[in-house]
Participant: 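The structure that follows is given in the form of structure tokens.
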Amino acid sequence: MDSPDQDFLKEYKPLHVPHEYDQRACTQDNVIYALAQLKEATSAEVAIKLSSFDPDTEPLIHQKNAEDVLNYLFNKGLIKAINKKGELNYNLSKIEIPNSGKADELF
């Protein structure tokens, strides 16, 4: 039997960012990969990036997939978004600037 902690960890585990685009991968993985490449983007920009990886798929399908996945991940609290001019710009909340301070000695 799973403990409540295990259920929580299954539901809210950290995102895995794939190392490459894979047509056979699930849609969520490919949307995450495209967003990681862009660092911050709207769902339309993610759809354009997906189209560059997979030009054989209809652009409207990429748009719908990007919107659905990004909204789902945002609503679940797994990615962040900033409202710019009435449009959400999503990001993976990665820390890209190292801390400038130093750590105190532990002992």
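Numbers here are sequence positions counted from 1.
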Participant: Looking only at non-hydrogen atoms, find the nearest pair between S51 and H62 and report the distance.
Facilitator: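 That closest heavy-atom pairing would be OG-CD2, 3.2 Å.
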Participant: Could you report the tightest heavy-atom contact between A66 and V46, atom names first, then the distance?
Facilitator: CB-CG1, 4.0 Å
Participant: Once rounded to the nearest 0.5 Å, what's the spacing between atom CG of L92 and atom CG of L35?
Facilitator: 4.5 Å
Participant: Atom OH in Y33, atom NE2 in H19: separation rounded to 0.5 Å?
Facilitator: 8.5 Å
Participant: Applying salt bridge (Lys or Arg N to Asp or Glu O under 4.0 Å) as the test, list every pair that has at least one member in residues 41-52; sequence neighbours left out.
Facilitator: none
Participant: Any idea how F74 and Y90 line up, ring-wise: parallel (<30°), tilted (30 to 60°), or perpendicular (>60°)?
Facilitator: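 Answer is perpendicular, since the angle exceeds 60°.
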Participant: One pair to check against side-chain hydrogen bond (donor to acceptor under 3.5 Å, both in side chains): N30 and T27. What are the steps and the verdict?
Facilitator: CA-CA 5 Å; N30 287 333; T27 302; over 6 Å; no
Participant: When clusters are formed by joining ILVMFWY residues with side-chain heavy atoms under 4.5 Å apart, either directly or through shared neighbours, do V17 and L73 land in the same one?
Facilitator: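 Result: yes, single cluster for both.
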Participant: Scan for salt bridge (Lys or Arg N to Asp or Glu O under 4.0 Å) pairs involving residues 27-37, sequence neighbours excluded, and state none if there are none.
Facilitator: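 Non-adjacent pairs meeting salt bridge (Lys or Arg N to Asp or Glu O under 4.0 Å): zero.
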Participant: So does N71 get a backbone contact from the side chain of N75, meaning a donor-acceptor N/O pair under 3.5 Å?
Facilitator: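 Checked: pair present.
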Participant: Looking at CG of L50 and CG of L38, how far apart are the two atoms once the value is rounded to the nearest 0.5 Å?
Facilitator: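 Between L50 CG and L38 CG, I get 8.5 Å after rounding to 0.5 Å.
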Participant: Starting at CD of E58, measure out to CG of N65 and round the result to the nearest 0.5 Å.
Facilitator: 12.0 Å
Participant: Does the pair E40/K84 count as a salt bridge with the N-to-O cut at 4.0 Å?
Facilitator: yes
Participant: Are there more than 12 heavy atoms of other residues, nucleotides or ligands under 6.0 Å from atom NZ of K76?
Facilitator: yes
Participant: Between I32 and H16, what is the shortest heavy-atom contact and its length?
Facilitator: CG2-O, 3.9 Å
Participant: Calculate, to the nearest 0.5 Å, the distance between atoms CG and NZ belonging to N89 and K39 respectively.
Facilitator: 15.5 Å
Participant: Within this structure, what is the NZ-CG distance for the pair K80 and N91, rounded to the nearest 0.5 Å?
Facilitator: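 Reported value, rounded in 0.5 Å steps: 7.5 Å.
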Participant: Taking C-beta and beyond as the side chain, do Q23 and F53 meet within less than 4.5 Å on heavy atoms?
Facilitator: no
Participant: Under the side-chain contact (heavy atoms from CB on, under 4.5 Å) criterion, do Q28 and Y72 qualify, and how do the steps go?
Facilitator: CA-CA 10 Å; Q28 179 172 311; Y72 169 77; 4.0 Å; yes
Participant: Over all heavy atoms of both residues, which pair between A81 and L88 is shortest? Give the atoms and the distance, please.
Facilitator: CB-CD2, 4.0 Å
